Every structure is written in C-alpha cells, then in structure tokens.
There are 2 protein chains.
Amino acid sequence: MSAKRSTLADVARLAGLSPTAASLILNGKPDTRFSAEAHERVHAAAARLGYRPNIGARALRTDRTLSIAFISDVVATTRFASGLIQGALEEAERAGHVVLVMETRGEPAREAEAIEAVLDRQVDGIIFGTMRARELFVPDFPDSTRVVMLNATNPRYGVSVLPDEEAGGRAAVDLLAAAGHAEGIALIGQNDEAERDLFRSATVARRVNGLRSELTELGLTLVAEESCWEWEPHNGYELTAELLDRRDDIRALLCMNDRLAFGAYQACSERGLAVGRDISVVSFDNDELASYLRPGLTTIGLPHVEMGREAVKLLLSDAAPGQRLVPMPIVERHSIATVDTTSESARRAQARLAAGRIAG
Amino acid sequence: MSAKRSTLADVARLAGLSPTAASLILNGKPDTRFSAEAHERVHAAAARLGYRPNIGARALRTDRTLSIAFISDVVATTRFASGLIQGALEEAERAGHVVLVMETRGEPAREAEAIEAVLDRQVDGIIFGTMRARELFVPDFPDSTRVVMLNATNPRYGVSVLPDEEAGGRAAVDLLAAAGHAEGIALIGQNDEAERDLFRSATVARRVNGLRSELTELGLTLVAEESCWEWEPHNGYELTAELLDRRDDIRALLCMNDRLAFGAYQACSERGLAVGRDISVVSFDNDELASYLRPGLTTIGLPHVEMGREAVKLLLSDAAPGQRLVPMPIVERHSIATVDTTSESARRAQARLAAGRIAG
DNA sequence: AGGCGGTGCTAAATGCATTTACCACCGACT
DNA sequence: AGTCGGTGGTAAATGCATTTAGCACCGCCT
C-alpha cells in the first residue's frame, strides 16, 4: 500500500535525464538517438520505481484509452450475453485493453446514457451487444470511435458479428437425416407469421431458412410445425405433449432451442417415449441445460464466446464493413436415435455434415 | 457523427467568460459570486455545444474517475458471477459510475495483471468477486483505492459481502419441517470432511451449520448423508438413485444446490416417485433450472443481484470494515409434499419461518 | 483624499505523459 | 576561420478541467 504512484518525472529525475528522454525511451520510439547508457538508466529507474504510465493522462494527448465499451441490453439475464462478454474480455485482455460493461435493458434512455457515459471516458470503440436488431438512438459520435454490432445489425454501422444460423439450421437437419430420419419430423417452436417482427427474427429467420432449404434439398418434409411465442420449457412441454397425443407418427423433434427441448423431454418421458431410442430430439443453443439432460441433448451451439472474441478483434483491427458469420458448433450427445444410416438421404446428409465440418 | 467534442474552453468562449467561470458555474461550486447572467450564459453555451466534461482530464486533477473495477475469477461461466455483475452494474449506474469488468480465471498472474490494469486507469475502487476465499497477490496499492470482497473474505480487506448462508440453511430445514417432514430426511451433496478446503467451504460451511443447528433445534435428524465432490446433475442423479435403491424410507431430499436437485428429480422420476407428492425436494441457489423443473423446485435463492448491488454501495460509501450478510430468499414452488402441518415440530418450523420472513 | 469591504471575475498553476521544435557540442572539411 | 553534418539530448507546448491566488472596480465612510 504505497502512498502514491511514481510519475514519468520521477523516473526522469532518478535517471538524471529529462522527461522527454524518459518518455521517448520507455515508448521505444524509433529514429531517436539516445546513448545505450541513457536507455539503461531510464529502464533501471522505471523498474526501481515500479513506474506505470497513467493511462488517463496519456489519453489526453494520444486519444487512445486502451478501453472499449461493451453495451448490451441484457448481461446477466441470459447465458448468451455473458458468453459474449467472456469472449470479449479474453480478446480485449490479449490486446491490452480493458472492457467497460454497460447494461441498458433495452430502454432507449439508458442506451443514450450508456453511450454518453462511455464516450465521456473516451473509449476506443464500442460493441453493441443488443439482442434486438433495432435502430439505436445515437448521439453525436466522434468519428474516431469504432463500432461493431454483436448479434445484431444496424444499417448505420457496417461491422457486425452473427452466428452462422443458416449453416446451423442445415446442420440440425443433416444430423437427423444422417441417422436415417426421413419421416415423422416435427418442428417445435417456430411460427413464421408470428415471428415477423419478433426480436428473434433477425437471426432466427436464417436458421429457419437453412433448416427448410436443407429439408427440401434432401427431399424431406416436416409433418408438423408447432409454434409458440415464447421458448421456455413449459412451452416445449405443452406443444410436444399436445403433438404426441394428437398423432403417433412423430419420430423426431427439431426444437428451436434447448429450453423447448427440455420441455419436450418431459413430455416424451411422461408418455413412456425414450429420447434417443423411441424418438429423436435435436435443438439449438448448447445451453448448459443440454448437458444436464438424460440422455444428453444433441444441439447446434450458439458460439457466444467465439463471437465475443471476434467482435473485439474486428473492433481493434478497424475492419472493413461486413458481416462476420461465426460457425455454430455441432454438439453431439445422445438424443438422436439411429434409424437407418444407409438410405439415400442418410448418405447425402452424412456427406454434407462431413463437408460442413471440414469447411468450419 | 460530429468531428469533435467541445471542451470547457469552447463553452467559456461562447459564453464570453473565462474557463474558470465556466468550470465553477457548471460544477455548481458554492461560495462563488457570479452574476445570474453569467450562470445563464454558461449553461446556455454548454447546452448549445452539448458540452460534456472529459472525465479523464478531470481525473487528472481530482483523482476520481467515476469508475470502479469488478475483478472476478469467473464471469460468464457461472450464472452466479453474472448475477453479481448485474447487481453491481445497476448500482454503479445509479451512482454515475462505470464498471470495468475483468476476469482472472483464478490465475494469480492474471490477477496481478488485472489489478495493475485497473490501477493504471485510476479506478476509484475495486470489487473482488472471487469464488474462493484465497489470499490475493496484491501489488502496491494506493491507499485511496477502496476494496470490497464479494462472496469471499480476505483478512487484508475488511469489507465483504456474503449471502446469509446460516439463515438460508435453517430456512431449508424449516420448509421441510413445516410441511410435516420429520423422518426420512436425507442430505444430498455434502461431505464435511471432503469439504474442508474446497472453494465452496467459505460460505457453504455456514449453510451446513445452519441446517444442522435447525434440525437439532427442531428435534429432527438426517437419515442419510450422501456426499460428492462435484455438484452437477449427474452427481445428484447417481447419489439419489443409489440412495433410493438402498432404502425405502426416504421422504425428503435436502440438496446442496439446484443442479443436484435436478439429478435427484431424474432419479425419482425413473423410480416412479412423484416429486412434491411421494417425496419432497428442497435445495439452494434458485438457479434458472429450478423454474424449469416439473414440478417447480422449492429452493433457497442465492441473492446474486442484491449482493452485487450491496458491494457497490459499500464500496462507494466508504463503509466500515465488516461483513454484510445478504438474506437468501425463500422461493416456494411445488416440490414439497404436505405430510402433516399440525405436528409439534411442524408448528414450530412454521413459526420460525414466519419470524424469519419478517426479519428478512 | 484615502481606505475598506464587497462584488464579479480572471490568470496562471496543476496533474501527467507526449511531442514538436530546437540547442549545444564535436570533429571534419574547405 | 567558418561551415556542415552528425550526436545526444532538452525546453516548452499540448490536451482538458480544476483550483488557488488575486485583480479591478464600485460605493461608502471618515
């Protein structure tokens, strides 16, 4: 607990040189002609005093704070957001940056405040980790502040990072088809009409697109589509219960997320259907939940951490506008029953999966 | 996207006064004698230019950055940590502070780096949200930097925020007892010997203490104690399965956390035992999971968000050393079967619960 | 006329690091 | 003797807001 930090002036004094010399030497400026002895003296003095530059003071001249802001509508509420933060933190640390985390709960007023607050602190860049692809109120913005959208797009800011939902949707179908499922496949959770302007739509639409295209290309069809507004376990339970009670030809469930799948498991189990044997389930997210289920749930993961990392990389590298699509990992567990791996569509799906894995 | 922010000098110029006047007036300094007109002109100028002070520059003189650091070993990994962060964020915002989040993964080297990094940025205070009550390596620390420990204690720093585990443990027992459970109560997950120096022990020991004291005071006993190292669903499943297969007098399960309880549910359901009717389950954490289960799991919540808030409050209020124990909420759902609410011990437990609720 | 106490405001220093614009000195060359 | 091109540095300005010390002026009193 020392009383105070030493300053550059202290270092210079101890080294018997000017602050200019100390600064130039410590920052390793090229094209500067100081004697080898001067270098030594300055470094020794800095080491002895445990000198560390005051980043705020430096920023005053350099306009670089080595800090970035992560502004999202939710942070702790969803596992999703915190994965994004984790990735961002990792990558930022690697680059010697520090991350200012802000939560807006999606309220425009708080959004504006958050932006002001981080701008007041001269952050080098801002990551907007919103879950909704919505237009943000944007106050006067210094041109030098870089922005990247995470899991969202905004016409105003070119750089965005998104999960590769299209490929993910295809992979889910391939997984089922590769195990031989060709009939009795139902979709749980999706409703194209209702989704029109839901917050999920931005990326989920691509998921559904991928999913449908892949089904079509493999010559398969959905025998049922059960939709609901929310995607919580009880919705999955109700939808699946109702579906299974209504018809007896259901062999595979494509759930829009793991929480729905959880509910589906409960409904199956109540009806004496063993997941992974009598019926298959595949879903999206790779929520922690997926590994808790018995049998383990096969799911297409949302690559949170990787996305967070990518966002920081793009932010700090001054990337050209465009969308960075992060591959969604296929997480195989034991919820898919093997029906027939030799059929035509099964073979084609297997090939597609293999190709996708190499590409990813 | 304006080119640049305006400075205090700009405001002063526009108002036709000196920067001194502008500063004094904008900061509402008392005992300063400027004309009403001067006040007006300065405020008008500031508003017109959208002036916002540069916090870094201000900090140079005031030594207050209006930023605090939240350093924890894990952030996204556990729901726990992110709840803490959420609370901290809320409270910090209220106080006009911004939060620098750092993750150390418990590695001492990263810890030291994180501390240096935030000290370089002159944070006003640091919250250590470690999950382990371990001694930290501490570099030279400016005396003015406040520190509070969150969910941990450290002899070096007096202020810490912890969940009131003792009371929580008692409440869990009361819940069971109040429903009439007097026999066949088993503890799932705890092993006093094995826990000796586990990271959980810091607070969990109090939980177990509370639990045992309450049992004793109500004249109840545990018929079994199944312990395990990890507290994941599969552990709960295995422990419970083995227990239920071994004996048929088990009527209530006290699980050390919700994930264990989840596993216990699976084991019960496999054996045809309906939770909330044939057997009762109560646990700790109030994980998201608890609400997903069928029937909903009654649990003693870990007050993450509240703890995070509390930590920031203490940090910014320059609190006296001491431990702040945050009450653990009782979250009643439907996993406790009613056996007999009129017995002596049930009545006493009911009274204790009621008293606790009023106190909390 | 000289002094005194307000009133209303400003100049300049300060915190810390960076950076631009020099300066002093030496040896060599003409 | 004067000049030129290094060599090895330094003084001072700068970025922005805060803060200390003090200035100019007015009316009033003696």
Side-chain angles (χ1 to χ4, degrees), chain A residues 3-43 45-46 49-67 119-124 142 144, chain B residues 3-43 45-46 49-67 119-124 142 144:
Chain A
K4 52 174 68 92
R5 293 164 69 94
S6 32
T7 71
L8 187 64
D10 297 330
V11 174
R13 204 171 307 122
L14 182 58
L17 288 166
S18 68
T20 307
S23 173
L24 261 19
I25 289 173
L26 289 176
N27 288 311
K29 284 280 188 253
D31 302 327
T32 182
R33 313 163 309 222
F34 289 99
S35 61
E37 208 217 320
H39 276 88
E40 239 170 67
R41 291 219 309 272
V42 167
H43 282 119
L49 297 174
Y51 170 71
R52 306 205 107 227
N54 176 325
I55 299 209
R58 169 188 287 168
L60 219 42
R61 277 202 70 79
T62 62
D63 274 328
R64 302 204 61 223
T65 51
L66 299 178
S67 325
L119 249 25
D120 289 349
R121 285 159 181 89
Q122 317 251 105
V123 293
D124 296 340
S144 56
Chain B
K4 53 173 70 92
R5 293 164 67 94
S6 31
T7 70
L8 188 64
D10 297 330
V11 173
R13 203 170 308 121
L14 182 58
L17 290 165
S18 68
T20 307
S23 174
L24 261 20
I25 289 174
L26 288 176
N27 289 312
K29 284 280 189 253
D31 302 326
T32 182
R33 311 163 308 221
F34 288 99
S35 61
E37 208 217 322
H39 275 87
E40 239 170 66
R41 290 219 311 271
V42 168
H43 281 118
L49 296 174
Y51 169 72
R52 305 205 107 225
N54 176 326
I55 300 208
R58 169 188 288 168
L60 219 42
R61 277 202 69 80
T62 61
D63 273 327
R64 302 205 60 224
T65 52
L66 299 179
S67 326
L119 250 24
D120 289 349
R121 286 161 180 87
Q122 318 252 105
V123 293
D124 296 341
S144 56

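Computed from a predicted structure; not experimentally measured. Naming convention: chains lettered A, B, ... in sequence-line order (proteins, then strands); numbering from 1 in each chain. For the numbers below, each heavy atom of this structure counts, side chains included, while hydrogens, waters and symmetry mates do not.
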Quiz item: Ala46(A) and Val11(A): which non-hydrogen atoms are nearest, and at how many Å?
Solution: N-CG1, 3.9 Å
Self-check item: chain B contact limits on DNA chain C, taken 5' to 3' with a cut-off of 4.0 angstrom to heavy atoms
Solution: dT7(C) to dC16(C)
Quiz item: Between Asp10(A) and Arg5(A), is there a side-chain N and carboxylate O pair less than 4.0 Å apart?
Solution: no
Self-check item: Trace of the side chain to side chain contact (heavy atoms under 4.5 Å, CB included) decision for Arg121(B) with Ser67(A)
Solution: CA-CA 9 Å; Arg121(B) 286 161 180 87; Ser67(A) 325; 3.7 Å; yes
Quiz item: Touch check for Ala38(A), heavy atoms < 4.0 angstrom, all strands: base, sugar-phosphate only, or nothing?
Solution: sugar-phosphate
Quiz prompt | Candidate pair Leu60(B) and Leu60(A), rule side chain to side chain contact (heavy atoms under 4.5 Å, CB included), full reasoning | solution = CA-CA 10 Å; Leu60(B) 219 42; Leu60(A) 219 42; 3.4 Å; yes
Practice problem: Assign each of Pro19(A) and Leu60(B) to its nearest nucleotide of DNA chain D by heavy atoms, then name whichever residue's nucleotide is nearer the 5' end. | Solution: Pro19(A)
Quiz prompt | Minimal non-hydrogen separation, Leu49(A) against Ser6(A), with atom names | solution = O-OG, 3.1 Å
Any protein N or O atoms within reach of nucleotides 4-8 of chain D? Criterion: under 3.5 Å, listing atom names and distances.
| from | atom 1 | to | atom 2 | distance (Å) |
| --- | --- | --- | --- | --- |
| dG8(D) | N7 | Arg33(A) | NE | 3.1 |
| dG8(D) | N7 | Arg33(A) | NH2 | 2.6 |
| dG8(D) | O6 | Arg33(A) | NH2 | 2.8 |

Quiz prompt | Heavy-atom pair of closest approach, residues Leu8(A) and Tyr51(A) | solution = N-CE1, 3.3 Å
Quiz item: With sugar-phosphate meaning primed atoms plus P, OP1 and OP2, does Ile55(B) contact a base, only sugar-phosphate, or nothing at under 4.0 Å between heavy atoms?
Solution: nothing
Quiz prompt | Residue whose closest nucleotide on DNA chain C lies nearer the 5' end, Arg61(B) versus Thr32(B) | solution = Thr32(B)
Quiz item: Base, sugar-phosphate, or nothing: which does Leu24(A) touch, judged by heavy atoms less than 4.0 Å apart?
Solution: base
Exercise. Check whether any side-chain heavy atom of Leu66(A) sits under 4.5 Å from a side-chain heavy atom of Ile55(A), and report yes or no.
Key: yes
Quiz item: Can you find a pair of side-chain heavy atoms, one from Leu119(A) and one from Arg52(B), that are under 4.5 Å apart?
Solution: no
Quiz item: Contact class for Asn27(A) vs. all strands (heavy atom < 4.0 Å): base, sugar-phosphate, or nothing?
Solution: sugar-phosphate
Quiz item: Taking the side chain from Asn54(B) and the backbone from Gly56(B), do they hold a donor-acceptor pair closer than 3.5 Å?
Solution: yes
Quiz prompt | Rounded interatomic separation in angstrom, taking CZ from Arg64(B) and P from dT19(D) | solution = 12 Å
Quiz prompt | Side chain Thr62(A), main chain Arg58(A), donor-acceptor under 3.5 Å | solution = yes
Quiz item: Contact class for Thr7(B) (heavy atom, under 4.0 Å): base, sugar-phosphate, or nothing?
Solution: sugar-phosphate
Practice problem: Note down the inter-axis angle between the two ends of the helix from dA1(C)-dT30(D) to dT30(C)-dA1(D), five pairs each, to the nearest 10°. | Solution: 100°
Practice problem: Return yes if some donor-acceptor pair links the side-chain N/O of Thr65(A) with the main-chain N/O of Gln122(A) below 3.5 Å, else return no. | Solution: yes
